[in-house]
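As structure tokens, the structure follows; a few thoughts come after it.
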Amino acid sequence: MPLAATARRLMPLVCALGLIVSTAPAVADTPALPNEQPRVETLPELSPHWFLVNDFNGPGTMDSKVYLFDADSGRMLGMLSTGAWRNVVETAPDFGTIYSPETYYSRGTRGERTDTVTFYDTRTLSVKGEAVIPPRRASGLPHRAYSGRSDDGRFVYVSNMTPANSVSVVNTETMAFASEVETAGCAMIYPTGTRSFAALCSDGTLQNVRIDDNGALAERSRSPRFFDPEADPITEKAIRLDNRWYFISFAGQVHPVDVSALAPVPGTPWSLLTKDELEQGYRVGGLGFAAVHEGTRELFVIVNQDGPDAHKNPGKEVRVYNIDETRLVRTIKLVADAGIIAVSRDASPRLYATNMGIPAVFVYDATTGAHLRTIEGPPITPTFVQVP
Amino acid sequence: MPLAATARRLMPLVCALGLIVSTAPAVADTPALPNEQPRVETLPELSPHWFLVNDFNGPGTMDSKVYLFDADSGRMLGMLSTGAWRNVVETAPDFGTIYSPETYYSRGTRGERTDTVTFYDTRTLSVKGEAVIPPRRASGLPHRAYSGRSDDGRFVYVSNMTPANSVSVVNTETMAFASEVETAGCAMIYPTGTRSFAALCSDGTLQNVRIDDNGALAERSRSPRFFDPEADPITEKAIRLDNRWYFISFAGQVHPVDVSALAPVPGTPWSLLTKDELEQGYRVGGLGFAAVHEGTRELFVIVNQDGPDAHKNPGKEVRVYNIDETRLVRTIKLVADAGIIAVSRDASPRLYATNMGIPAVFVYDATTGAHLRTIEGPPITPTFVQVP
Amino acid sequence: MNWFDQQVTRLTRQIAARTSRRSFLARAGLGLAGVAAAPLLPVARAYGASTPLDVAQDPGDPSQCDYWRYCAIDGFLCSCCGGTASSCPPGTEISPVTWIGTCHNPGDGRDYIISYNDCCGKSSCNRCTCNRNEGDRPIYQPAKSNDINWCLANTSNAYHCSLAVVIGVGSAG
Amino acid sequence: MNWFDQQVTRLTRQIAARTSRRSFLARAGLGLAGVAAAPLLPVARAYGASTPLDVAQDPGDPSQCDYWRYCAIDGFLCSCCGGTASSCPPGTEISPVTWIGTCHNPGDGRDYIISYNDCCGKSSCNRCTCNRNEGDRPIYQPAKSNDINWCLANTSNAYHCSLAVVIGVGSAG
């Protein structure tokens with residue numbers, strides 16, 4: 001290092017607190033750099049190209065993290081420490097608060113377990129409060145649908161598994177646990193309005209649960225059987241547009257389900273892949289292989305060519321479909337394998353692509369497919385990317 | 001994967017618990033593999049070539065680990081989860097118990113702090129108990145001398161820094177905190193007998209503290225000033241042989257200090273490096289650059305050629321000195337940079353070498369210097385290697 | 001609910017009825033999972049203790065991801081962490097519930113039912129990551145899902161590594 | 001105890017006497033450390049907000065390890081973590097005690113006293129690891145030691161990243 005010769009010796013002089021000021025002659029004619037006061041940053045105004053990266057942290061799963069980045073500058077903006085077993089966070093409709101389901105043990109990996117939804121002020125990335133929830137939060141390989149939020153932001157839902165399935169409901173206004181709703185035989189959380197959420201059932205149906213204004217169970221309904229969990233199961237990686245959830249099967253069948261009413265109404269399935277493509281081994285795949293852009297009504301899906309059982313494999317191609325016209329619009333060739341994608345919500349959308357095994361996030365123009373930037377990690381085991 | 005075609009379909013048959021036994025015809029003539037009962041391993045008899053690797057876990061510093069390996073087989077034998085901020089563990093004289101200083105927060109990185117010395121049964125690698133100690137345990141870049149153990153195994157000492165220096169004394173028989181001994185201006189822990197430990201002081205002296213059978217402070221003494229902390233400071237990486245500690249300076253001066261009596265008696269310094277070598281930039285360096293083998297009276301030291309301020313740089317050379325004859329015996333050329341070494345205690349000693357930036361441990365014959373084996377990590381940020 | 005699920009559910013209900021410390025299982029309903037085998041036979045093959053016959057019948061290296069039993073695993077291989085394919089490393093706890101796969105053994109041509117119990121109570125071993133998804137199903141079919149942290153019913157949900165335990169012979173299907 | 005230590009100790013005792021929440025400092029004795037600067041002047045240079053004059057006077061990229069102020073740092077650079085060389089990322093806490101280095105600024109030829117405060121309360125940022133040890137001293141000289149987790153006096157000792165704050169001009173020595 002070039003400065004070694006000069007700086008190696010410790011000067012016998014300290015100006016801590018400015019109580020002592022050196023009168024050593026300036027070497028240059030310019031005034032000396034002013035003394036600085038260290039401070040803590042707060043975040044500037046929200047940009048549509050900010051994104052969150054949940055880091056599962058494979059080398060230290062009990063010490064997970066959520067990173068915030070600005071895709072335009074490529075800079076990291078801040079981080080949250082979010083306890084054991086990261087899935088995803090929920091965010092307030094105005095992105096002013098981050099709701100993070102977290103798990104802690106009194107001795108790190110042992111002792112008393114405490115699960116929380118922790119409330120972070122997004123502007124300061126500091127804790128505003130926490131709701132202690134039942135210590136049954138589902139964990140494992142991260143899934144987006146392990147939690148959800150009511151459309152109005154009033155309630156956050158957290159998936160439990162013991163292995164019995166239930167959902168912890170948290171009131172975001174009172175920052176308190178509201179109720180636990182059993183969803184026997186049905187897993188994951190797909191919000192369906194301001195006071196309801198759905199869960200996927202092993203018999204090929206969708207259960208829809210309505211809660212009251214206190215977060216307690218009000219009533220339930222169940223869709224007709226709309227997929228065959230043996231012949232061609234749908235994955236947990238669904239996307240929502242308006243009042244419709246779009247579930248995607250291993251073989252790339254899209255199953256739309258209308259959730260406007262309490263009883264979910266399945267629509268007509270359509271296919272992302274042709275019969276020829278399926279035979280050639282094309283499959284949808286990845287930890288979070290689907291994303292949607294509301295403005296353009298476009299569905300983004302990662303495709304690989306690894307054949308059967310490739311539903312978790314990453315791919316180097318993102319296909320873009322018009323979801324209303326059920327047709328392929330274009331294909332984006334990625335510069336690196338991706339298993340996880342997200343698309344910003346604005347009119348100049350960015351496509352974020354990453355993979356748990358690659359400590360980097362790749363930023364593309366979602367419209368042209370151009371690769372704009374690579375943001376090197378850490379995060380070292382990026383799981384879900386989330387957009388404000 | 002070659003089995004995909006056959007194994008892809010889930011067989012509609014389960015033999016869980018052996019309550020249902022398939023009568024499907026065997027494809028081969030051999031009897032089918034017997035059903036198995038999963039079980040938990042215990043460790044076999046201690047081998048002299050076992051070693052512990054403390055993993056600081058840079059990506060998740062609140063979720064540190066200690067790995068146990070067998071150098072002869074190259075196999076990992078087990079692991080401990082050891083909370084935040086790993087330094088090292090202490091072990092019972094018979095290696096039957098591992099004493100691990102640990103730090104926990106009720107919410108991982110925040111909330112109430114609890115520091116412990118946790119007691120692990122070495123044979124089962126499970127928790128036997130814990131002593132809660134003052135929540136002031138020193139942390140940072142790991143150092144061997146952040147803790148110590150009395151020669152008879154009765155007490156474990158843990159270094160505190162707030163930044164005031166003190167030592168928490170834990171009674172291993174009662175598994176309880178015994179006392180906190182202040183060591184103002186003196187840091188680290190160098191055990192000096194059954195009821196005493198020393199600490200290095202910023203004025204160039206060594207403080208020796210005697211405790212009573214209850215672990216409480218009995219009396220103190222201080223050595224004469226034996227090194228110049230400005231001109232050529234000694235590092236914290238000292239080694240002990242019999243009743244003598246050998247402190248090694250930045251410039252490779254060895255300062256022996258006899259600790260037989262309460263008042264430490266400095267001996268005559270000698271040099272690991274010649275004047276020529278110093279001028280050519282040779283320095284001792286690394287996180288744990290020194291090790292000793294009692295049987296052969298050999299001192300092992302990592303040497304680099306990075307010049308001044310290289311006291312923490314790894315090197316690709318280990319020099320071996322006869323510590324009584326104060327002379328270089330041989331040099332071992334490493335196959336990879338190392339900042340940390342340890343030497344097994346037996347008559348066929350192994351040299352273990354690693355570096356925080358390299359997720360692997362390299363095993364050498366400590367006598368011939370032959371590279372015997374590379375054990376690939378994880379551990380991903382190996383810090384101290386310790387031998388039974 | 002298919003036949004497989006019915007079997008698993010029925011079995012588990014029997015256990016739940018017999019085992020008070022597993023009372024949580026009684027609540028599991030449709031979403032029930034496979035169950036660790038109770039003592040049946042001594043373990044035939046431990047790492048480094050195999051006989052030539054064993055190797056012929058149970059070929060491959062349990063510390064490698066391509067070992068036949070791992071056809072539906074997702075996790076760290078206990079064989080690399082101080083355990084074997086059927087034994088947890090010292091100081092960990094076997095998950096009492098788990099997921100089930102069916103893998104083809106090239107050594108004897110049979111398909112075997114494999115129970116992928118997790119070893120729990122310590123943080124990730126982080127060695128020998130292995131992800132194969134043959135027959136893996138989504139989480140709403142938990143008995144077949146390798147995404148789930150099966151330490152969910154242990155005293156700690158810290159996940160260390162995964163086993164691949166032979167618990168029966170499947171049909172050649 | 002040399003002159004440097006005496007100065008630091010004396011200064012810190014003055015603060016300790018004035019600041020009850022820093023009462024721990026009074027116990028520190030010989031082993032006392034550098035102290036974070038109280039408000040003196042506005043921060044002259046924040047990441048991305050430098051003027052040409054600033055760059056000439058304060059050259060280099062604060063997100064790179066070879067930036068002049070980092071001559072005695074060991075840690076993750078806050079400039080890569082949502083902060084700058086003199087500001088902590090959102091939601092972290094500045095360490096009130098720290099270590100001190102002296103670095104040569106090639107922009108104006110002066111040596112500056114740099115306070116390497118840590119930002120605390122979140123786990124490791126883990127980006128832009130930087131280890132330079134010019135003038136670094138062992139832990140028994142804590143005011144000059146970059147090995148110490150300087151979050152030791154914060155509400156949490158979780159270490160996130162490190163700053164390099166100009167707190168004075170040193171002699172050209």
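Just so it is clear, the structure is predicted and the values come from calculations on it, not from any experiment. To find a chain, count down the sequence lines: A is the first, B the second, and so on, and within it residues start at 1. Basis for what follows: all heavy atoms, side chains included, without hydrogens, waters or symmetry-related copies.
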Choice from A:L287, A:D63, A:L200, A:N313 maximising heavy atom contacts with chain C below 4.5 Å: A:L200

Check whether any side-chain heavy atom of C:S123 sits under 4.5 Å from a side-chain heavy atom of A:T61, and report yes or no. yes

Once rounded to the nearest 0.5 Å, what's the spacing between atom CD of A:E230 and atom NZ of C:K144? 3.5 Å

Can you name the closest pair of heavy atoms from C:R137 and A:P229 and give their distance? NE-O, 4.1 Å

State, yes or no, whether a side-chain contact exists between A:T109 and C:K122 at a heavy-atom distance under 4.5 Å. no

Between the side chains of A:H311 and C:D136, is a donor N or O closer than 3.5 angstrom to an acceptor N or O? yes

May I ask you to test the C:P138-A:P233 pair for a side-chain heavy-atom distance under 4.5 Å? yes

Do you know the tightest heavy-atom contact between A:D309 and C:G135? OD1-N, 3.2 Å

Considering non-hydrogen atoms only, spot the tightest contact between A:Y146 and C:I148 and give its length. OH-CG1, 4.4 Å

Pairwise side-chain contact, C:L152 with A:R137, heavy-atom cut-off 4.5 Å (strictly under): no

Find the distance between CG (C:D147) and CD (A:E236) and round it off to the nearest 0.5 Å. 6.0 Å

Donor-acceptor pair, A:W85 side chain versus C:N157 backbone, under 3.5 Å? yes

Can you confirm whether or not the ring centre of A:F56 sits under 6.0 Å from the ring centre of C:Y159? no

Is it the backbone or the side chain of C:S124 that comes under 4.5 Å from a heavy atom of chain A, or both, or neither? both

Chain A contact via C:N126 - side chain, backbone, both or neither, heavy atoms under 4.5 Å: side chain

State, yes or no, whether a side-chain contact exists between C:Y140 and A:I234 at a heavy-atom distance under 4.5 Å. yes

Is C:D118 close to chain A through its backbone or its side chain, or both, or neither, when contacts mean heavy atoms under 4.5 Å? neither

Separation of A:N165 CG from C:I139 CD1 (nearest 0.5 Å): 9.5 Å

Most contact-rich option vs chain C, by heavy-atom pairs under 4.5 angstrom, among A:R110, A:H143, A:R113, is A:H143

